[in-house]
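Worth knowing before you read on, the calculation uses all heavy atoms, side chains too, and leaves out hydrogens, waters and symmetry mates. Letters go in sequence order (proteins before strands), and every chain restarts at 1.
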2 protein chains.
Amino acid sequence: MKPKAAPLARELRDRLEGEILSGQRPPGSRLDESKLAQHFGVSRTPVREALRELAAADLVVLRPRQGAVVATVTVTQLLHMFEVMAELESFCAKLAARRMSAEERDQLLQVHEDCRELAEKGEAHAYYDANRCFHEVIYAGTHNTYLEETTRNMRNRLQPYRRFQLHHPGRTMKSWKEHRAVVDAILDGNAEAAAKAMSHHVTIQGDVFTDLISALPESYVHAMTA
Amino acid sequence: MKPKAAPLARELRDRLEGEILSGQRPPGSRLDESKLAQHFGVSRTPVREALRELAAADLVVLRPRQGAVVATVTVTQLLHMFEVMAELESFCAKLAARRMSAEERDQLLQVHEDCRELAEKGEAHAYYDANRCFHEVIYAGTHNTYLEETTRNMRNRLQPYRRFQLHHPGRTMKSWKEHRAVVDAILDGNAEAAAKAMSHHVTIQGDVFTDLISALPESYVHAMTA
DNA sequence: TTGTAAAATCTTGTATACAAGGCTGGACAG
DNA sequence: CTGTCCAGCCTTGTATACAAGATTTTACAA
């Protein structure tokens, strides 16, 4: 009935978000309204609105009278964000263990198998996508759409930085083994174990975080203010 | 040096947010761009940008080509949001118990005392504000600014609905006693106990949530879709 | 009277024009 | 040579005009 209803600004938002998340527009890069408008062949108005929405999602920073740049964070902020992320993901796993239906558990196992194949083949990039699927299945398993969205937003916000995490050789296989602990706990219906396993998987403790920080281009983070 | 730098749209955003959170503009009420522009004596442009920002904070809903309304939720969504809220607040308490400095612990005790006075006097409205302070002190105690902001946003999002919660007679005193459990645990440095006590305080389990739902005006929630 | 359909009106979406604050570069003084 | 200040330009912020979709009203027919 309604094949098209194109809110132009929304489309811009999605395209820009994609370009940011994909690393095409790295943290710190300027977002000139006029240039963007020209680039997309529209006027400044929808561009501004798209930028506002991205700013609200913390993907870009809007300094009054000084224009927009792709969000850059300090190492401290990154640490804080990972801490919240870990808690949310952990909570998702906990609820999933309690609430997943039989079909959802099957699906979880299926995605987990897909991940295994890619991990064994060492296809880091494909594993990266499959990993996202894995987490999405768990989000859905919480049966809490608000938590789902909140956690997904959190994940998106960190995406430009996580990108570097899995590219180390051997990391994918290690990641998959961590997944397995989560899957086992969820299938057992052991909520506490699931939470703990997930927390371990995405945690900043251990060497994962340090590896990540070390791998980041310097331009991705700005100097600490304190 | 720079006493004023007024980004007009920002001011609008804050004023509108205030009017929404205070209940002056209840969930479901329409937000006509032209009327708002006229009301505030500005053009539609900054109004639109303010609405976009509020929409990103989930305080208003923007249906394409159909205008903006103050966000309305289903009972299910409300339940989901309270579940996430409880987890975040609980996590804040846990971290606060581990990280609060001596000064911050003193401050917590101080605010707690203020709450006691108001609770004993039965001044529900003033207690309401003091309660917010109490939670803010705990947020600060996490030493994680990102968690702080995330939890505060979550709390704001629920504010229009929480408003009805504490107005029942005896609720303030009960709330204060729940606070006490949190304070004791934090001062003891018992992270797990603090998390549990806070979870209990803001939890949807028990009769608090049902009371809240029952007290809500019908217009505040819309019919369940399923 | 009621239902449908079309037109008028009103609202939002987009583009453009204008105003105002910040940045860059050069000139001048120390 | 270096630092400061001023002027011009460039970017963002705001207003207004125009286009397109949605709602309402009204007319007509069953």
For this session: Would you check if B/Phe40 and B/Pro46 make a side-chain contact, meaning some heavy-atom pair closer than 4.5 Å?
Result: no
Starting at [atom1] of [X] and ending at [atom2] of [N], how long is that distance when rounded to a whole Å?
X	N	atom1	atom2	answer
B/Lys35	C/dT12	NZ	C1'	13 Å
B/Asp32	D/dT23	CG	P	14 Å
B/Gln38	C/dC10	CD	P	14 Å
B/Leu8	C/dG21	CG	C1'	14 Å
B/Leu31	C/dT11	CG	P	13 Å
B/Gln66	C/dT9	CD	P	22 Å
B/Arg65	D/dA20	CZ	P	9 Å
B/Arg10	C/dG21	CZ	C1'	17 Å

Seminar exercise, completed: Of D/dT12, C/dG13, D/dG13, the nucleotide closest to the side chain of B/Pro64 is C/dG13
Exercise. From C/dG13, C/dT14, D/dT12, pick the nucleotide closest to the side chain of A/Pro46?
Worked result: C/dT14
Exercise. Do B/Arg44 and C/dG13 have a side chain to base donor-acceptor pair shorter than 3.5 Å?
Worked result: yes
For this session: Kindly say if A/Arg48 contacts the phosphate of D/dG13, meaning a side-chain N or O under 4.0 Å from OP1 or OP2.
Result: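 So the side-chain polar atoms of A/Arg48 do come within 4.0 Å of the phosphate oxygens OP1 or OP2 of D/dG13, strictly under.
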Problem set entry | side-chain N/O B/Thr45 vs D/dT14 OP1/OP2, d < 4.0 Å |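 So the side chain of B/Thr45 is outside the cut-off, no N or O lying under 4.0 Å from OP1 or OP2 of D/dT14.
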Problem set entry | salt bridge (charged side-chain N to carboxylate O under 4.0 Å, His left out) partners for B/Glu149, two or more places apart | none
Seminar exercise, completed: Hits for salt bridge (charged side-chain N to carboxylate O under 4.0 Å, His left out) against A/Asp106, two or more places apart or cross-chain, chain-then-number order -> none
For this session: Could you identify which residues of residues 49-61 of chain B place a heavy atom less than 4.0 Å from some atom of DNA chain C, listed by residue number, or say none?
Result: none
Problem set entry | side-chain contact (heavy atoms from CB on, under 4.5 Å) partners of A/Ala37, counting only residues at least two apart | A/Arg44, A/Val47
For this session: Using only heavy-atom distances, determine whether the side chains of B/Glu123 and B/Tyr128 contain a donor-acceptor pair under 3.5 Å.
Result: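 The answer is no; no qualifying pair exists.
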Exercise. With a non-hydrogen cut-off below 4.0 angstrom, is A/Arg30 in contact with a base, only sugar-phosphate, or nothing?
Worked result: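 Sugar-phosphate contact only.
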Result block: side-chain N/O donor-acceptor pairs under 3.5 angstrom for residues 54-67 of chain A, not counting sequence neighbours:
none

Problem set entry | With sequence neighbours excluded, residues passing ring-ring contact (aromatic ring centres under 6.0 Å, His included) with A/Phe134 | A/His179
